[in-house]
2 protein chains.
Amino acid sequence: MIQKPATIKEIAKRLNVSISTVSRALHDHPGIGLRTKMRVQQIAAELNYVPNQAAISFKQGKTKTVGVILPNFNEDFFSIAITAIEDMTQSNGYTVLIGQSHDNTEREKTIVATMQKHRVDGVLVSLSKNTTDFTPFEQLMANGIPVVFFDRIPNQLDAYTVSCDLSKATEQLVDLLVAQKHKRIGFINGPESMASFKEREEGFRESVKKHKLSEKDITVVSTDLTKEQTTTAIKQLLDKKDRPTAVIAFNDYVALEAIKFTREQGLKINEDISFVSYANLPITTYLEQGLLASVEQFPYEQAEKATEILFTILDEKEDTSALQKNYVFQAEVVMH
Amino acid sequence: MIQKPATIKEIAKRLNVSISTVSRALHDHPGIGLRTKMRVQQIAAELNYVPNQAAISFKQGKTKTVGVILPNFNEDFFSIAITAIEDMTQSNGYTVLIGQSHDNTEREKTIVATMQKHRVDGVLVSLSKNTTDFTPFEQLMANGIPVVFFDRIPNQLDAYTVSCDLSKATEQLVDLLVAQKHKRIGFINGPESMASFKEREEGFRESVKKHKLSEKDITVVSTDLTKEQTTTAIKQLLDKKDRPTAVIAFNDYVALEAIKFTREQGLKINEDISFVSYANLPITTYLEQGLLASVEQFPYEQAEKATEILFTILDEKEDTSALQKNYVFQAEVVMH
DNA sequence: CTGTTAGCGCCTTCAG
DNA sequence: CTGAAGGCGCTAACAG
């Protein structure tokens, strides 16, 4: 038997009291007779009363809802991030409205519009890989909807950001390889549009200089993260006459693909050639001959911090002027 | 400069027309002067007008929002499912409100309550692994919020379900092993509370009978899906004096763990012992010595179908009486 | 073609 | 301690 959800009005009618009394009773308002309060709460329970958040949102101008815009949920890094966000919001009484851009700027725009329509109280974003126009987000902020970016953050926008710096960790990756007597090193970088491209590049260059590696022993190639280009990239490295004995891959997915290809060429992983990479996906630890190390980028922590910042902004009692605008984690090399 | 979002009222004031004119103009209502319509739409654009969904939801009693309750986003199967749901809802103008139960019945209840509060138009659920009390969901349905379960569906509830039958595929798994001359087979099943437990069990029994395998060559153990219990389970199998030469694992995560342990015992995968399992996670194909096969359970398709069913119910023009209540996919064995 | 108005459920100020 | 009433933004029925 389907019935419409109960309202305070109904409860009021049943008890012959006013709706304001009911409202107050349900909120443990001081100055309501204990007796009435009990009666109200009992009937509410009986009728299965659940306050209508849509009405409350409308009335209060707050939806108790946070928007999350990510490239793709179906990628460990981001699904871990979502988990973090949802864990945090759940305990703060907020709910999460999601949208995935699929690394498509147009879709990203549409999603922003949807969030705006729904009047989410704030938005957490990890940008699509080729977003360069930030006006949709500026629009949000102009309308009083705070935005916090994490991991894939905008390079030229005055906004709250949480990110993970890879340059130092990249240096350490090279240090590690050099310490293990590797001299010829290959490097598979990613799309230039991503902020982390430069961090990897710089860290790598820095360490190459530090260790006085010869330029001819260094090969840098790149991939747009598709399997095809990744295969092309690793092929380029393996085809060199002085093949590198170690490869730094853009991330674990790239590394897995590269390792697979390398194995298929009859080379022995960790004998003929070793791999290190970024992301530190749990899954990579199950390989028999896998990565020497991977760089932990703290998806959970980044997302958690971003959410925390958002809540500080939303919590109007807090003073946001003291809030640090750009929070940076340091990535860490994890040995496997 | 932060400003409050514009309302139709403001647009109306600017143009000295009534709010209903504005409302109609914005909705391309027939019978509004082309001139006025244009003027309204122009001002709306100028003021950056975005309709307040909270107000609309309140007024219409429809939130254009779908709730999704899953055990854990951070598990490939479910993150793929979310992707499917979000892809579908996005193109239908709906938004997704998420909640993860972390396989905890209490949290699941809380999430249901939140969804109810938010008056989502419908809910998609994959149950927590030990949910046996379905009253929260019955409550939802009683309040007119349709619920569609998928994959982890309730066993004793008259409700819309989409699932993937594993019994047939489990039989084929055994067929496959027998064809490869395996006689001693170990089977790691999961928690009994899950509907698929029985499907695996039955399929297995069926095939054991079919192939006339001797009972003493068959060993069935189980895990609650924690690493510890999985390790205990595989240990039990390996410790038998006539160790199985093939193992069917509850799913790929269990398999990965079991394979790792087995390797650490000095056994050679695919020589001393082979593994097959369920879920067919992309990741398992990167192992050098990995699974012989895995059972595809179609997370994307299941979630898509569930969403489709939900939309048919929500679309009141459709006749739901013709709707099939329990949709079943057949799982498929995929060779690796 | 356009304006007026009621009301969705709830909170909150103002009166008793 | 409790009641009455206004209003949040929007839609839709009714009236011009």
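Only heavy atoms go into these numbers, but all of them, side chains included; no hydrogens, no water, no symmetry mates. The chains referred to below are lettered A, B, ... by the order of the sequence lines, with proteins before strands, and numbering in each begins at 1.
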Original post:
Strictly under 6.0 Å, is that where the ring centroids of B/Tyr94 and B/Phe311 end up?
Top reply: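 Under 6.0 Å, so yes.
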
Original post:
Quick one: are the ring centres of A/Tyr327 and A/Phe150 less than 6.0 Å apart?
Top reply: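 They do not qualify: ring centres at least 6.0 Å apart.
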
Original post:
For D/dA4, does OP1 or OP2 lie under 4.0 Å from any side-chain N or O of A/Ser18?
Top reply: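 So the side-chain polar atoms of A/Ser18 never come under 4.0 Å of the phosphate oxygens OP1 or OP2 of D/dA4.
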
Original post:
Is the base of C/dG3 touched by the side chain of B/Arg24 through a donor-acceptor pair closer than 3.5 angstrom?
Top reply: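 Flag set: donor-acceptor pair detected.
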
Original post:
Ignoring hydrogens and angles, does a donor from either the side chain of A/Ser20 or the base of D/dA4 sit under 3.5 Å from an acceptor on the other?
Top reply: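 Such a pair exists between side chain and base.
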
Nearest-Å distance, [atom1] ([X]) to [atom2] ([N])?
X	N	atom1	atom2	value
A/Ile19	C/dT12	CD1	P	13 Å
A/His27	C/dC10	NE2	P	9 Å
A/Leu15	D/dG3	CG	P	10 Å
B/Arg119	C/dG9	CZ	P	9 Å
A/Lys13	C/dG9	NZ	P	11 Å
A/Ile8	D/dA5	CD1	C1'	13 Å
B/His29	D/dC10	NE2	P	18 Å
A/Arg39	D/dC1	CZ	P	15 Å

Subject >> Those residues of residues 57-67 of chain A lying under 4.0 Å from DNA chain C by at least one heavy atom >> reply: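 DNA chain C contact set from residues 57-67 of chain A: A/Phe58, A/Lys59, A/Gln60.
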
**OP:** Output yes when B/Glu308 and B/Lys305 qualify as a salt bridge under the 4.0 Å nitrogen-oxygen rule, no when they do not.
**Re:**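 Salt bridge present between B/Glu308 and B/Lys305.
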
Subject >> Check ion pair B/Glu106-B/Lys109 (N to O, under 4.0 angstrom) >> reply: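 Result for this pair is yes, salt bridge flagged.
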
Subject >> Minimum heavy-atom distance between A/Asn74 and B/Ser79, given as atom pair plus value >> reply: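 So the two residues come closest at CA-OG, 3.8 Å.
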
Original post:
Can you name the nearest heavy-atom pair linking A/Met115 to A/Leu97, along with the distance?
Top reply: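 Closest approach of A/Met115 to A/Leu97, heavy atoms only: CE-O, 3.5 Å.
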
Subject >> Out of D/dT2, C/dC8, D/dG9, whichever nucleotide has its closest atom nearest the side chain of B/Asn52 >> reply: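 The answer is D/dG9.
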
Original post:
Touch check for A/Thr7, heavy atoms < 4.0 angstrom, all strands: base, sugar-phosphate only, or nothing?
Top reply: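 Answer is sugar-phosphate: A/Thr7 comes under 4.0 Å of backbone atoms only.
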
Subject >> Residue of the set B/Leu323, B/Val148, B/Thr307 for which side chain to side chain contact (heavy atoms under 4.5 Å, CB included) holds with B/Thr312 >> reply: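 Only one of B/Leu323, B/Val148, B/Thr307 forms a side chain to side chain contact (heavy atoms under 4.5 Å, CB included) with B/Thr312, namely B/Leu323.
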
